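Here the structure comes first, spelled out in structure tokens, and everything after it is commentary.
Bear in mind that the values here come from a model prediction, so they are computed numbers and not experimental data. Throughout, residue positions are numbered sequentially from 1 according to the sequence presented.
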Amino acid sequence: MELSRKVMQIQPSATLKISATAKQMIADGVDVINLGIGEPDYQTPDNIKQAAIDSIKNGKASFYTPATGLPALKKAISARIEADHGYHFDPSQIVVTDGAKMALFTLFQVILNPEDEVLLPVPYWVSYSEQVKLAGGIPVDVATDRQLRFTVADLEAHRTAKTKALVLNSPQNPSGLVFSQAELTAIVHWAVQNDILIVADEIYEKLLYNGNFFTSVLELGDENMDHVILINGVSKAYSMTGWRIGYAAGPQAIMAKMGVVLGHAASNPAAVSQYAAIEAFGGDQSSVETMRQGFEARLNELYPLINSLPGFKMPGGKPAGAFYLFPDVTEALRLTGYPDAPTFVQAVLEEAHVGLVPGEAFGLPGHIRLSYATDMDSLREAYRRLQKFIDQKIAEQAK
């Protein structure tokens, strides 16, 4: 039987694949340190857990909700956005989904026609390109400089009559790069002038370190908002990856069609998770800062260690946000004798028992991504294992 040609061109999620392999090795008794998955190791805050428990006990979690989310949750999201960025979305402009990934997937289904093009500055999160393909669109890689930054001229060089959207992810997965207000202003103005939709993935917005600041596209002027779709959720800032609540906010006509698709695709996000998310957005926010400080301390200790590994270079210096390092390992590959990052990463997993993700998954070969969203003792041990592995391989090459 022939399967869908659309599906056959889709690659598995590299981050989930690495994580699944690492988890299986752990289940088999291997001491693996998995730095391949973007998941905070903190527990969901207690006040959020209690809101979920309460919704179960009082029976509210037992029933369907509207396909696009509980009205109370949409109000809570709207209030949180306004408090953080000074922009007001009417609840009718907000669609709640099963995680931010589903918000992106549904959005691309709604806005893309066959062969419409979506600009993806590299590196980019693994699922952007595959979701575009699943919607019948064409992902277009936009090359960046050695600091992983790009300009309006770079975007213009890739613009065609088929260009429909541009994905902006800041703070960025996998590099931790954060766009400045000046950069964002130029990019957004270019997109609006050329009638290109801006898909602003701001899921890591609250994870900024060492005095770095974040500017949301929502802060650049109301005149741009007909071209902006905001993507966000609870997974990173509130350590709720398993709860699967994300959202899209933007032009009402687009949100309405997303609601139609979701009504046929998922009925509604889990009710209990929605009640928990109401508390996440509207309740005590102190846990967000506690976790941010924890990630910052890990970054500040781990960054110089990884940067000191033979052949490792950090494009753009120390990351400003998110919880990843994305070193260029081109020289390390040469020193250790590996032909590419995927081969290197596989060997590290099998021999050093550290889970990493190759840069090819993010559109940028010669790099690797590692997450520091785990405890510092594990990060120190992962560094020691990497150092020993690389030193051993360099010694073998010298024989």
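Between F326 and H367, the ring planes are parallel. Angles under 30° get that label, and only those over 60° would be called perpendicular.
Counting only N and O atoms by type, the side chains of Q274 and T65 include a donor and acceptor under 3.5 Å apart. Between the side chains of N307 and K313, not a single donor N or O lies within less than 3.5 Å of an accepting N or O. Side-chain polar atoms of Y338 and Q346 form no donor-acceptor pair below 3.5 angstrom. Side chains of T44 and W243: a donor on one and an acceptor on the other come within 3.5 Å. Side-chain atoms of Y383 and Q387 include a donor-acceptor pair closer than 3.5 Å. Between the side chains of S175 and Q172, at least one donor-acceptor pair of N or O atoms lies under 3.5 Å. In this model, no donor atom of one side chain and acceptor atom of the other lie less than 3.5 Å apart for E117 and H158. Judged by distance alone, the side chains of Q50 and D54 do bring a donor and an acceptor atom under 3.5 Å apart.
D28 places no side-chain N or O within 3.5 Å of a backbone atom of V30 that could act as its donor or acceptor partner. Side-chain N or O atoms of D145 include one that pairs as donor or acceptor with a backbone N or O of R149 at under 3.5 Å. The closest donor-acceptor contact from the side chain of N300 to the backbone of A297 lies at 3.5 Å or more, if one exists at all. Listed for the S4 side chain is a donor-acceptor partner under 3.5 Å among the backbone atoms of V7. The backbone N or O of F389 lies less than 3.5 Å from no partner atom in the side chain of Q392, so there is not a single donor-acceptor pair. Checked by atom type and distance alone, the side chain of D391 never pairs as donor or acceptor with a backbone atom of A395 at under 3.5 Å. A donor-acceptor contact shorter than 3.5 Å is absent between the side chain of N194 and the backbone of A191. Checking side-chain atoms of S55 against main-chain N and O of K60 turns up no donor-acceptor pair under 3.5 Å. In this structure, D84 contributes its side chain and I81 its backbone to no donor-acceptor pair below 3.5 Å. No side-chain donor-acceptor contact under 3.5 Å links Q193 to the backbone of W190.
Side-chain contact between K74 and Y247: absent, with no pair of heavy atoms (C-beta onward) separated by less than 4.5 Å. You'll find the side chain of V96 reaches within 4.5 Å of the side chain of I77, heavy atoms only. Two residues are said to be in side-chain contact when any heavy atoms from C-beta on lie closer than 4.5 Å; E360 and D340 meet this criterion. Side-chain contact between V228 and L220 is absent, with no heavy atoms from C-beta onward closer than 4.5 Å. Using a 4.5 Å cut-off on side-chain heavy atoms (C-beta onward), K133 and P139 make contact. The side-chain heavy atoms of N232 and E205, taken from C-beta on, include a pair separated by under 4.5 Å. When side chains are defined from C-beta on, T106 does not count as touching L104, because their heavy atoms never get closer than 4.5 Å. Taking 4.5 Å as the limit, some side-chain heavy atom of L325 sits within range of a side-chain heavy atom of P319.
Summarising the geometry, atom CG belonging to D41 is positioned 7.5 Å from atom OG belonging to S239; distances are rounded to the nearest 0.5 Å. With rounding to the nearest 0.5 angstrom, the CZ atom of R80 is 13.0 Å from the CG atom of L73. Separating the CG atom in L184 from the CZ atom in F179 is a distance of 6.5 Å, to the nearest 0.5 Å. Note that the NE2 atom of H88 and the CG atom of D222 stand 11.5 Å from one another [nearest 0.5 Å]. Summarising the geometry, atom CZ belonging to R369 is positioned 10.0 Å from atom CG belonging to L356; distances are rounded to the nearest 0.5 Å. Going from atom NZ of K162 over to atom NZ of K164 covers 9.5 Å, rounded to the nearest 0.5 Å.
Partners of Q397 by side chain to side chain donor-acceptor pair (under 3.5 Å), not counting sequence neighbours: none found.
Within a 6.0 Å radius of NZ in K49, more than 12 heavy atoms belonging to other residues, nucleotides or ligands are found. Heavy atoms of other residues, nucleotides or ligands lying less than 6.0 angstrom from CD of E156 number more than 12. Few gaps surround NZ on K318; more than 12 heavy atoms of other groups in view lie less than 6.0 Å from it.
Considering every non-hydrogen atom in both V178 and S170, the closest pair reads CA-OG, 3.6 Å. Residues Q147 and P315 approach most closely at OE1-C, 4.4 Å, considering heavy atoms. Between A271 and F63, the closest heavy-atom pair is CB-O, 3.7 Å. Closest non-hydrogen pair, I278 versus A72, comes out as CD1-CB, 3.8 Å. Between A143 and V122, the closest heavy-atom pair is CA-CG2, 4.0 Å. Heavy atoms only, all atoms of each residue included: Y204 and P171 are closest at O-CG, 3.4 Å.
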Side chain to side chain contact (heavy atoms under 4.5 Å, CB included) between L134 and K6, intermediate numbers included
CA-CA 6 Å; L134 281 168; K6 184 190 299 184; 4.2 Å; yes

Working for side chain to side chain contact (heavy atoms under 4.5 Å, CB included), residues L166 and L197
CA-CA 6 Å; L166 162 68; L197 292 171; over 6 Å; no

Go through it in stages, so that I can follow the logic: the residues are Y42 and T290, the test is side chain to side chain contact (heavy atoms under 4.5 Å, CB included), and I'd like the CA-CA distance, side-chain angles, deciding distance and then a yes or no.
CA-CA 10 Å; Y42 294 101; T290 298; 5.8 Å; no

Between I229 and L107, is the side chain to side chain contact (heavy atoms under 4.5 Å, CB included) condition met? List the steps.
CA-CA 9 Å; I229 299 99; L107 174 65; 3.8 Å; yes

Could you walk me through whether Y128 and F362 satisfy the ring-ring contact (aromatic ring centres under 6.0 Å, His included) test, starting with their C-alpha distance in whole Å, then the side-chain angles of each, then the deciding distance to 0.1 Å, before giving a yes or no?
CA-CA 9 Å; Y128 293 149; F362 307 97; over 10 Å; no

Residues Y124, D141; criterion side-chain hydrogen bond (donor to acceptor under 3.5 Å, both in side chains); working and verdict:
CA-CA 9 Å; Y124 49 77; D141 290 6; 3.0 Å; yes

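Each of I26 and L35 belongs to its own hydrophobic cluster when Ile, Leu, Val, Met, Phe, Trp and Tyr are linked at side-chain heavy-atom distances under 4.5 angstrom. In this structure, L168 is not a member of the same hydrophobic cluster as F214, with clusters built from ILVMFWY side-chain heavy atoms closer than 4.5 Å. Under the 4.5 Å side-chain contact rule for hydrophobic residues, V272 and Y238 do not share a cluster. Y324 and M376 end up in the same hydrophobic cluster when Ile, Leu, Val, Met, Phe, Trp and Tyr side chains are linked at under 4.5 Å. In the hydrophobic clustering of ILVMFWY residues, with side-chain heavy atoms under 4.5 Å counting as a link, I368 and M314 come out together.
Checked against the 6.0 Å centroid criterion, the rings of F295 and F323 qualify as a close aromatic pair.
A salt bridge links K393 with E351: the closest approach of a Lys/Arg side-chain nitrogen to an acidic carboxylate oxygen falls below 4.0 angstrom. Here K101 does not pair with D201 in a salt bridge; the nearest charged N to carboxylate O distance is not below 4.0 Å. Ionic pairing of R385 and D31 is present here: one or more N-O contacts between side-chain nitrogen and carboxylate oxygen are shorter than 4.0 angstrom. A salt bridge is absent between K206 and E289; no separation between the charged side-chain nitrogens and carboxylate oxygens falls under 4.0 Å.
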